[in-house]
Amino acid sequence: MKPSVRICFVCAGNICRSPTAEGVMRRIVDDRGLATRILIESAGMGGWHVGDRADSRSRTAAHTRGYLLDRRAQQFKRAFFARFDYVLAADSDNRADLLRLAPDPASSDKVHFLRDFDPESPRSSDVPDPYYGGPEGFELVLDICEAACRGLLEHLVRELEP
């Protein structure tokens with residue numbers, strides 16, 4: 001069966017925040033038995049990490065919570081708008097870059113802040129970039145991604161209902 005909804009998480013380089021969100025979302029979607037209905041990817045706005053694994057600190061933090069970050073980084077391209085139904089920006093800079101890249105208003109409408117799906121988060125909140133900090137930043141990103149992805153899944157389940 002073809003996926004009914006296609007989502008892409010986007011951050012700067014696709015090695016910290018977006019692969020974390022992808023890994024969290026994959027597991028909660030699998031746990032709900034919806035892996036055949038929801039396609040999940042992640043990408044970065046920049047291309048400097050294309051082909052790299054997620055940052056080792058992200059992988060370690062995710063592993064301790066039972067998440068697998070096994071994908072390789074890719075750069076978000078204009079053509080991706082045709083491939084995805086939801087494009088989830090980690091922060092306001094990513095969102096602005098995505099909106100500039102969008103080829104038309106329908107593509108722009110696909111762009112959302114990831115944290116907007118967390119009912120406890122203020123609207124338009126950023127997922128902080130943990131890259132230049134310590135391990136606590138990667139734990140915080142996991143906390144944020146877990147809350148936002150649970151809210152996103154509930155939103156998608158409502159959308160997938162007949």
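Source: prediction; values computed, not measured.
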With clusters built from Ile, Leu, Val, Met, Phe, Trp and Tyr whose side-chain heavy atoms come within less than 4.5 Å, directly or transitively, what are the remaining members of the cluster of [X], listed by chain and number?
X      : value
Phe138 : none
Val24  : Tyr67, Leu142
Trp48  : none

Derivation and outcome, side chain to side chain contact (heavy atoms under 4.5 Å, CB included), residues Ser121 and Phe113: CA-CA 11 Å; Ser121 177; Phe113 281 99; over 6 Å; no
For [X], salt bridge (Lys or Arg N to Asp or Glu O under 4.0 Å) partners two or more places apart:
X     : value
Arg32 : Glu154
Asp97 : Arg100
Arg59 : none
Arg95 : none

Residue pairs fulfilling salt bridge (charged side-chain N to carboxylate O under 4.0 Å, His left out) with at least one residue in residues 104-120, sequence neighbours excluded: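 The answer is Asp116-Arg123.
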Where at least one partner belongs to residues 77-91, residue pairs that pass salt bridge (charged side-chain N to carboxylate O under 4.0 Å, His left out), sequence neighbours excluded: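 Passing the test, one end in residues 77-91: Arg17-Asp91, Glu41-Arg83.
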All side-chain hydrogen bond (donor to acceptor under 3.5 Å, both in side chains) counterparts of [X], not counting sequence neighbours:
X      : answer
Tyr131 : none
His155 : Tyr86
Arg71  : none

Separation of Phe84 CZ from Arg6 CZ (nearest 0.5 Å):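 These two atoms lie 9.0 Å from each other.
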Heavy-atom donor-acceptor pair, Gln75 side chain to Met45 backbone, under 3.5 Å: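 Side chain of Gln75 to backbone of Met45: a pair is present.
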pair Asp143-Arg65: side-chain heavy atoms closer than 4.5 Å: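 With C-beta onward as the side chain, the pair touches.
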Ring centers of Phe76, Phe81 separated by less than 6.0 Å: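 Ring centres of Phe81 and Phe76 closer than 6.0 Å.
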